[in-house]
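When reading the values below, keep in mind they use all heavy atoms of this one structure, side chains included, and skip hydrogens, waters and symmetry mates.
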Amino acid sequence: MKPLNKQTASKTVRPERIIQFGEGNFLRAFIDWIIYNMNEKADFNSSVVVVQPIDKGMIDMLNKQDDLYHVNLQGLDKGEVVNSLTMIDVISRALNPYSQNDEFMKLAEQPEMRFVISNTTEAGIAFDPSCKLEDKPAASYPGKLTQLLYHRFKTFNGDMSKGLIIFPCELIFLNGHKLKETIYQYIELWNLGEDFKKWFEGACGVYATLVDRIVPGFPRKDIDSIKEKIQYDDNMVVQAEIFHLWVIEAPETVAAEFPANKAGLNVLFVPSEEPYHERKVTLLNGPHTVLSPVAFLSGVNIVRDACQHPVIGKYIDKVMFHELMETLNLPKDELQKFAKDVLERFNNPFVDHQVTSIMLNSFPKYQTRDLPGLKTYLQRKGELPKGLVLGLAAIITYYKGGVRADGVEIVPNDAPEIMNMLKELWATGDTAKVTEGVLAAESIWGENLNNIPGLAAAVKANLDSIVKIGMLETVKGIL
């Protein structure tokens, strides 16, 4: 079997136009895959320089393969099973700024550089006041980026045509706004001056983005068969689902420079990221949060099996299409397409997604993902959404612990104060007290949910039904 490098595989040389902070699985299976497709289908003609954001990372492994690797996409695409392998050749080189600081700073001097893309984890976009301009490099990602931008500003004497377009992909809402705010903090801390601040404001753009693709990462169990198929000893293979979505809050002028639409990619340039963030949280995370306890307490362990179950499948459909979708403000056909894509993702034949893995911290998840929909549905329809109410009762029941009907242990996991509260409430043996106590927990909900008309009575009725006839029969009663 051949080693994977530019001697054994073809690698196109393209201008370095993108600086990428992060070399992890997600960026390589999402961003670099997108750039590969733009090069192939839209003549984007760009390569990526990867910068390792922390001292220890994987760039040595990447460079050993001349930054070549394969992406293995798996899943359902319009009902068809996909299991593809593509060699990605867009990374020109990878740098460690802790040991190659001069090379890192010289990236700012390259006139063709135009984009910065990052995924440095949610904690990566943070202001660290201990960072100094003269650090080699600054410890924080925004500190490193500010150093780079300032060096570019000085190199090109404030030339407004040499600004950079910056797309953070960290999983925080309005990540671009947060990053921009942090850069301003460094401009002030380091006294970089009004001229640089004006150049940053006028020549550079920092845009909020929403990214969506499940990336399991290195395919340990499949790697031998993958290597046999590709005939390369590739130790940087990354596995991902076929679905992808990148929403970028930026004007059409930016879209024109980043022609993902010409490559047929699911990349949207929009005036506001917020409705798309809300759509994802509501139609993907929302159903996940309630289907998990309902499925588990019905004896179903895998998300895919829950979707295909004759009863639980109808419950998921009810929650997604008839309750949560009714609370969103995007066009109905767009929402339906997204929801169908979500169901295909839930049905991925390659992923055995355990419902118990979704159950961690279920109460806070319900508060952000399902409670807003419950309230909006009540406001718009004048009645409570039965599926979402049952989902809340299922979480409360799951947190009782104990043993499932088939002997499987129920092991809830949440903050100690939530676990202790549920233990004390269930110890009363009174479902009215359990309901009232959970709904009154302002530390979870930020309010007393007993004030929502009819909610306490509906939750108690569901708890009583689950105790009396079991989860599956209770689900049948609301369909």
inquiry  = What I want to find out is whether D212 reaches R279 closely enough, with some N-O distance under 4.0 Å, to be called a salt bridge.
reply    = no
key: K198: partners by side chain to side chain contact (heavy atoms under 4.5 Å, CB included), with sequence neighbours left out   = E194
task = Could you tell me whether the side chain of R304 and the main chain of H353 form a donor-acceptor pair under 3.5 Å?
result = no
ask   = Hey, are the side chains of V71 and Y36 touching, using non-hydrogen atoms and a 4.5 Å cut-off?
value = no
request  = Assert yes or no for the condition that the ring centre distance of W199 to F156 is strictly below 6.0 Å.
outcome  = no
request  = Taking the side chain as every heavy atom from C-beta outward, state whether I214 and F243 have any pair of such atoms under 4.5 Å apart.
outcome  = no
key: K227 bridged to D234 by N-O distance under 4.0 Å   = no
ask   = Do F153 and F200 have ring centres separated by under 6.0 Å?
value = no
key: D414: partners by salt bridge (Lys or Arg N to Asp or Glu O under 4.0 Å), with sequence neighbours left out   = none
query = For L133 and Q147, which heavy atoms make the closest approach, and how far apart are they?
reply = O-NE2, 3.0 Å
ask   = Is a side-chain donor-acceptor pair under 3.5 Å present for Q74 with N348?
value = no
message = Whether the side chain of N45 engages the backbone of N39 through a donor-acceptor N/O pair (distance < 3.5 Å, no angle test) should be reported.
response = no
message = Distance alone, cut at 3.5 Å: any donor-acceptor contact between the side chains of N5 and K11?
response = no
Which donor-acceptor pairs under 3.5 Å do side chains of residues 296-303 form with protein atoms, sequence neighbours excluded?
residue : atom : partner : partner atom : Å
S298    : OG   : V294    : O            : 2.7
N301    : OD1  : R404    : NH1          : 2.9
N301    : OD1  : R404    : NH2          : 3.3

query = Between atom CZ of R114 and atom CG of L164, what is the distance when rounded to the nearest 0.5 Å?
reply = 7.5 Å
inquiry  = Quick check: do V50 and L27 have side-chain heavy atoms less than 4.5 Å from each other?
reply    = no
query = What pair of heavy atoms forms the shortest contact from G202 to M160, and how long is it?
reply = C-CE, 3.5 Å
ask   = What's the spacing between N25 CG and F218 CZ if we round to 0.5 Å?
value = 9.5 Å
message = Go through it in stages, so that I can follow the logic: the residues are L107 and V51, the test is side-chain contact (heavy atoms from CB on, under 4.5 Å), and I'd like the CA-CA distance, side-chain angles, deciding distance and then a yes or no.
response = CA-CA 10 Å; L107 296 176; V51 175; 3.9 Å; yes
key: Ring centers of H288, F346 separated by less than 6.0 Å   = yes
key: Heavy-atom donor-acceptor pair, K365 side chain to I358 backbone, under 3.5 Å   = yes
inquiry  = When you measure from the side chain of Q336 to the backbone of A339, do you find a donor-acceptor pair of N or O atoms at a distance under 3.5 Å?
reply    = no
Pairwise distance OH(Y398) to CD1(I396) - rounded to 0.5 angstrom = 15.0 Å
inquiry  = Between H244 and L73, is there a side-chain heavy-atom distance shorter than 4.5 Å?
reply    = no
task = Check whether any side-chain N or O of S47 sits under 3.5 Å from a backbone N or O of P15 as a donor-acceptor pair, and report yes or no.
result = yes
key: Charged N-O contact under 4.0 Å between E170 and K178   = no
query = Quick one: does F115's side chain get under 4.5 Å of E257's, heavy atoms only?
reply = yes
remark   = Heavy-atom nearest pair, L145 first then L179, reads CD2-CD2, 4.0 Å
key: Electrostatic pair D333-K337, nearest N-O below 4.0 angstrom   = no
key: Side-chain donor/acceptor of R213 to backbone N/O of E241, under 3.5 Å   = yes
Donor on one side chain, acceptor on other, N37 and K41, under 3.5 Å = yes
message = Going by side chain to side chain contact (heavy atoms under 4.5 Å, CB included), S92 matches just one of V48, D66, T12, V49. Which one?
response = V49
Distance-only donor-acceptor check, side chains D222 and Q239, under 3.5 Å = yes
ask   = Within 45° of the six-membered ring axis of F44 and under 6.0 Å from that ring's centre, is NZ or CZ of R17 located there?
value = yes
query = Quick one: does F258's side chain get under 4.5 Å of M38's, heavy atoms only?
reply = yes
request  = Report yes if some heavy atom in the side chain of Q308 is under 4.5 Å from a heavy atom in the side chain of N347; otherwise report no.
outcome  = yes
request  = Check whether any side-chain N or O of Q231 sits under 3.5 Å from a backbone N or O of E228 as a donor-acceptor pair, and report yes or no.
outcome  = yes
request  = Any chance you could lay out the side-chain contact (heavy atoms from CB on, under 4.5 Å) test for L392 and F363, step after step, and finish with the verdict?
outcome  = CA-CA 8 Å; L392 178 56; F363 281 112; 4.3 Å; yes
query = Where do P97 and K144 come nearest, in terms of heavy atoms and distance?
reply = CG-CE, 4.1 Å
key: Nearest heavy-atom neighbours spanning A9 and L68   = CB-CD1, 4.2 Å
task = To the nearest 0.5 angstrom, please state how far the CD atom of E23 sits from the CG atom of N119.
result = 10.5 Å
inquiry  = Measuring only between side-chain heavy atoms, which start at C-beta, is F167 closer than 4.5 Å to I18?
reply    = no
task = Using a strict 4.0 Å threshold on nitrogen-to-oxygen distance, state whether K262 and D43 make a salt bridge.
result = no
key: NZ on K2 to OG1 on T8, rounded to 0.5 Å   = 6.0 Å
message = Check this for me: E274, atom CD, are more than 12 non-hydrogen atoms of other residues, nucleotides or ligands nearer than 6.0 Å?
response = no
request  = Take L324 and L388 through the side-chain contact (heavy atoms from CB on, under 4.5 Å) test and state the conclusion after the steps.
outcome  = CA-CA 9 Å; L324 288 170; L388 290 176; 3.7 Å; yes
key: Whether Y186 and W190 hold their rings parallel, tilted or perpendicular, with breakpoints at 30° and 60°   = tilted
task = For R14 and D89, run side-chain contact (heavy atoms from CB on, under 4.5 Å): C-alpha distance rounded to whole Å, both residues' side-chain angles, the deciding distance at 0.1 Å, then the answer.
result = CA-CA 10 Å; R14 299 183 179 92; D89 67 348; 3.5 Å; yes
inquiry  = Within this structure, what is the NZ-CD1 distance for the pair K197 and I183, rounded to the nearest 0.5 Å?
reply    = 12.5 Å
key: Which atom of I125 lies closest to which atom of N175, heavy atoms considered   = CD1-O, 3.9 Å
task = Please check if the side chain of E344 supplies one atom and the backbone of G79 the other of a donor-acceptor pair under 3.5 Å.
result = yes
task = State whether D67 and R93 are salt-bridged, where the test is any N-O pair (Lys NZ or Arg NE/NH1/NH2 against Asp/Glu carboxylate O) under 4.0 Å.
result = no
